[in-house]
2 protein chains.
Amino acid sequence: MSDRKEKLTIYDISEKSGVSIATVSRVLNGYQNVNEKTRDKVLSVMNEMGYKPNAFARGLGLDTMKTIGILCADSSDAYLAKAVYYIEEALRAAQYNALLICTGYSFEDKKNALELLLERKVDAAILVGSNFVSSKASENAYIKDAAASIPVMLLNACFECDNVYSLYCNDYAAVKSAVEFLYTKGRKKILYMYNSKSYSGMKKLTGFKDALSEHGIDSFADYTVFLQGGPDDTDSFVNTLNNLCENGLSFDAVMASEDYLAIAALKYAIKKGMRIPEDLAVIGYNNSSLATIFEPELTSVDNKLKPLSEQLVNTLLGVLKGSEMPGKTEYSAELIERRTT
Amino acid sequence: MSDRKEKLTIYDISEKSGVSIATVSRVLNGYQNVNEKTRDKVLSVMNEMGYKPNAFARGLGLDTMKTIGILCADSSDAYLAKAVYYIEEALRAAQYNALLICTGYSFEDKKNALELLLERKVDAAILVGSNFVSSKASENAYIKDAAASIPVMLLNACFECDNVYSLYCNDYAAVKSAVEFLYTKGRKKILYMYNSKSYSGMKKLTGFKDALSEHGIDSFADYTVFLQGGPDDTDSFVNTLNNLCENGLSFDAVMASEDYLAIAALKYAIKKGMRIPEDLAVIGYNNSSLATIFEPELTSVDNKLKPLSEQLVNTLLGVLKGSEMPGKTEYSAELIERRTT
DNA sequence: GTGAGTTTTGTAAACGCTTACATTTTTACC
DNA sequence: GGTAAAAATGTAAGCGTTTACAAAACTCAC
């Protein structure tokens with residue numbers, strides 16, 4: 001393994017080992033139709049000379065560099081970050097690498113990011129998080145466009161389209177039954193906090209409303225708060241709650257569409273000296289690391305991130321090997337009960 | 001912008017626009033020595049036909065695909081995730097893309113990951129986090145090896161070596177003065193919690209010990225706790241503290257080498273019904289998002305992640321454009337005082 | 001209109017691999 | 001030993017760009 005500076009090519013290996021470049025290439029690609037002695041010879045020459053194949057040339061020849069693009073609104077969001085982590089790990093185990101792009105939350109940027117992936121000729125794209133599919137159909141066209149060239153995999157979002165796979169939890173049912181759970185705990189006035197109007201965001205909201213309807217409530221204005229902001233905006237969420245309460249809003253339970261919103265509710269309550277869960281019960285969504293980091297630990301809807309991530313990658317690997325692209329798979333989420341209920 | 005299926009090449013553009021492929025290529029690369037009319041013609045043909053250059057062929061020709069490798073032990077660690085986010089954003093703004101590999105904490109894996117980046121022919125590697133440089137010199141050889149081929153940039157770690165740039169905070173001074181700060185607040189018995197024996201981990205520890213020495217303490221066994229685990233192991237940290245205290249350990253302040261260790265101390269204290277900061281003062285390190293998410297909000301040492309990330313990328317871009325590689329830059333950290341002190 | 005200098009363009013050879021197809025070598029069987 | 005089939009290897013033509021070098025076209029002062 002000497003480290004010569006000059007660039008070594010397949011021709012150098014060919015010359016040194018006395019076989020043709022075709023054979024060297026075959027060895028390189030692990031083809032079986034190579035005589036064992038030849039293979040050993042070539043491998044040892046490669047090793048001895050410290051040869052590394054040129055990835056770009058291989059890319060050009062094979063028309064792939066074994067790269068998967070990962071799109072994610074914000075890789076520092078605890079939940080998304082975990083997903084990225086699992087996905088990258090699973091991909092790497094299968095000899096693929098991950099090209100990461102953080103898109104932010106605007107659809108214009110998501111579209112650009114996905115196009116960028118296409119230009120870089122990734123083998124497939126994985127879109128992580130429900131915010132990639134909008135409740136407005138027109139905003140989802142970019143997914144369809146990309147799917148015309150490469151497989152597109154959605155984690156925790158659903159968009160039915162050729163060459164797009166959606167793997168997600170039934171958010172509607174999850175929220176509905178979590179709210180039902182709060183009712184069984186004797187809660188009277190449940191507030192829904194949410195900050196996304198994505199397709200899945202709307203489903204959750206509907207789950208909430210339907211649960212309330214079943215308890216005779218039909219006007220929701222006083223039961224839902226839409227908040228602007230992301231994981232870093234806890235302060236602003238707390239302030240908003242403060243203001244609303246000063247203006248007469250009251251509630252004895254919070255259902256949040258994201259763990260970090262739930263945490264904001266908890267912070268608000270703790271600051272007000274409320275007892276948890278006696279005075280305020282809170283349920284988050286995603287069962288992210290925030291849920292167990294906070295004190296008291298947060299009851300949260302677990303949407304099975306790890307198994308879903310792994311299954312997503314497995315499905316993708318299958319597709320890349322030639323399996324047919326499935327359409328979608330829906331899981332059921334599970335409520336993880338902790339100290340806030 | 002019709003979307004023909006057949007693959008378009010530079011030859012198609014050449015033919016359709018009546019110029020040679022060389023000229024098409026020049027237009028593609030924005031060279032100035034092209035007649036303006038010709039350029040417009042070529043661009044409009046490209047646009048009309050929906051041509052996209054083949055990234056692999058360009059990679060081969062230009063010997064770069066404008067890709068930077070990012071290595072990070074665990075992209076779901078709140079602190080590292082934020083760094084990855086900033087870095088990816090800054091790179092993308094400069095037309096580079098990020099190949100992300102999560103290495104875990106073993107040096108064997110880090111070495112493999114870095115080699116993988118080399119094989120993929122990234123233009124440079126950015127290693128995010130102090131855990132990439134060991135206090136054992138032998139474990140750092142992999143960095144030197146990589147630096148023989150590409151620029152290596154370290155964020156929040158220091159390793160002096162040719163073609164390696166280190167950008168970091170003075171951890172020693174930061175911890176020392178944070179501990180000093182606790183003394184000025186009247187704390188008598190300060191416990192240091194840490195979980196890394198990296199180079200920077202050792203510096204922090206020394207900062208702690210030196211601060212204690214100045215207060216007449218010379219035996220540290222009873223003042224330091226080494227913990228195994230990462231951001232997801234809060235429970236185990238809390239348990240460990242519990243056990244130690246049952247066996248007689250006592251303290252009225254905690255200095256932690258990571259925010260998540262500080263959070264564990266806080267959880268322990270809250271569970272025990274201690275008042276914060278009256279009964280226990282806590283200082284974390286990194287000023288990650290955990291610090292402000294928790295209630296009460298955590299006093300933490302801010303090591304300037306965002307400006308450092310951006311400067312790191314800027315420095316790298318300079319180097320890639322031909323500037324000389326600087327050796328290292330040391331910043332001072334800053335204590336952000338919040339509710340836990 | 002001429003010629004030197006400048007711009008613009010074209011030709012053809014890289015870049016370092018993969019792979020279809022042709023050729024040679026080996027194997028197995030009579 | 002001869003033969004047909006199977007296995008191993010080699011030759012050469014891609015893959016889609018970039019770019020050195022050569023050639024052509026343009027400019028402008030005289």
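Below, chains carry the letters A, B, ... as their sequence lines are ordered, and counting in each starts from 1.
- For the side-chain contact (heavy atoms from CB on, under 4.5 Å) test with A:Tyr85, the passing option among B:Leu100, B:Asp74, B:Asp77 is B:Asp74; the others fail.
- Nucleotides of DNA chain C lying under 4.0 Å from heavy atoms of chain B occupy a range whose first and last members, 5' to 3', are C:dT8 to C:dG16.
- One finds no side-chain N or O of A:Tyr31 lying less than 4.0 angstrom from the OP1 or OP2 phosphate oxygen of D:dA8.
- Base engagement by A:Ser25 is indicated by at least one non-hydrogen atom pair under 4.0 Å involving a base atom.
- Axis orientation changes by 30° from one end of the helix from C:dG1-D:dC30 to C:dC30-D:dG1 to the other, with each end axis drawn from 5 pairs and the value rounded to 10°.
- Closest approach of B:Ser75 and A:Ala81 over heavy atoms only: O-CB, 3.6 Å.
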Atom pairs under 3.5 Å, N or O on each side, protein against nucleotides 9-13 of chain D: can you list them with distances?
residue : atom : partner : partner atom : Å
D:dT9   : OP1  : A:Thr38 : OG1          : 2.4
D:dT9   : OP2  : A:Asn35 : N            : 3.0
D:dT9   : OP2  : A:Thr38 : OG1          : 3.4
D:dG10  : OP2  : A:Ser20 : N            : 2.5
D:dG10  : OP2  : A:Ser20 : OG           : 3.1
D:dG10  : OP2  : A:Thr23 : OG1          : 3.2
D:dG10  : O6   : A:Arg26 : NH2          : 2.5

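- One can place NZ of B:Lys7 at 10 Å from C1' of D:dC15, the figure rounded to the nearest angstrom.
- We find that CZ of A:Arg58 is positioned 18 Å from P of D:dG16, with the value rounded to whole Å.
- Residue B:Glu15 places its CD atom among 12 or fewer non-hydrogen atoms of other residues, nucleotides or ligands, all under 6.0 Å distant.
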Name the atoms and distances for all side-chain donor-acceptor pairs under 3.5 Å in residues 30-43 of chain B, with sequence neighbours left out.
residue : atom : partner : partner atom : Å
B:Gln32 : NE2  : B:Gly30 : O            : 3.2
B:Asn35 : OD1  : B:Lys37 : N            : 2.8
B:Arg39 : NH2  : B:Tyr31 : O            : 2.4

Between the protein and nucleotides 23-28 of chain D, which nitrogen or oxygen pairs are less than 3.5 angstrom apart?
none

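- In plain terms, the two heavy atoms of B:Ser17 and B:Ile13 that are nearest each other are OG-O, 2.6 Å.
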Discussion item. Does A:Asp123 form a side chain to side chain donor-acceptor pair (under 3.5 Å) with A:Thr64? I'd like the steps, not just the answer.
Written reply: CA-CA 7 Å; A:Asp123 296 321; A:Thr64 167; 2.8 Å; yes
Fill in: Stepwise side-chain contact (heavy atoms from CB on, under 4.5 Å) check, A:Lys110 with A:Leu127
CA-CA 10 Å; A:Lys110 290 181 209 280; A:Leu127 315 195; over 6 Å; no
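- Within the 4.5 Å cutoff, side-chain heavy atoms of A:Tyr142 are placed close to those of A:Phe132.
- In this structure, the separation between OG on A:Ser134 and CZ on A:Phe107 is 4.0 Å, given to the nearest 0.5 Å.
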Discussion item. Could you go through B:Ile68 and B:Ile87, starting from their C-alpha distance and side-chain angles, then the distance that decides it, and tell me whether this counts as side-chain contact (heavy atoms from CB on, under 4.5 Å)?
Written reply: CA-CA 10 Å; B:Ile68 307 293; B:Ile87 292 172; over 6 Å; no
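- B:Asp63 comes within 4.0 angstrom of nothing in the nucleic acid, heavy atoms only.
- If you check every strand for non-hydrogen atoms under 4.0 Å, A:Ile10 touches a base.
- Under the salt bridge (Lys or Arg N to Asp or Glu O under 4.0 Å) criterion, B:Lys121 pairs with B:Asp63, sequence neighbours left out.
- Atom pair A:Asn54:CG and D:dC15:C1' shows a separation of 13 Å (rounding to whole Å applied).
- Where B:Leu60 and B:Gln32 meet DNA chain C, the nucleotide closest to each residue was compared, and B:Gln32 sits on the side nearer the 5' end.
- How far CG of A:Asp145 is from CG of A:Leu118: 9.0 Å, rounded to the nearest 0.5 Å.
- Side-chain N or O atoms of B:Thr315 include one that pairs as donor or acceptor with a backbone N or O of B:Gln311 at under 3.5 Å.
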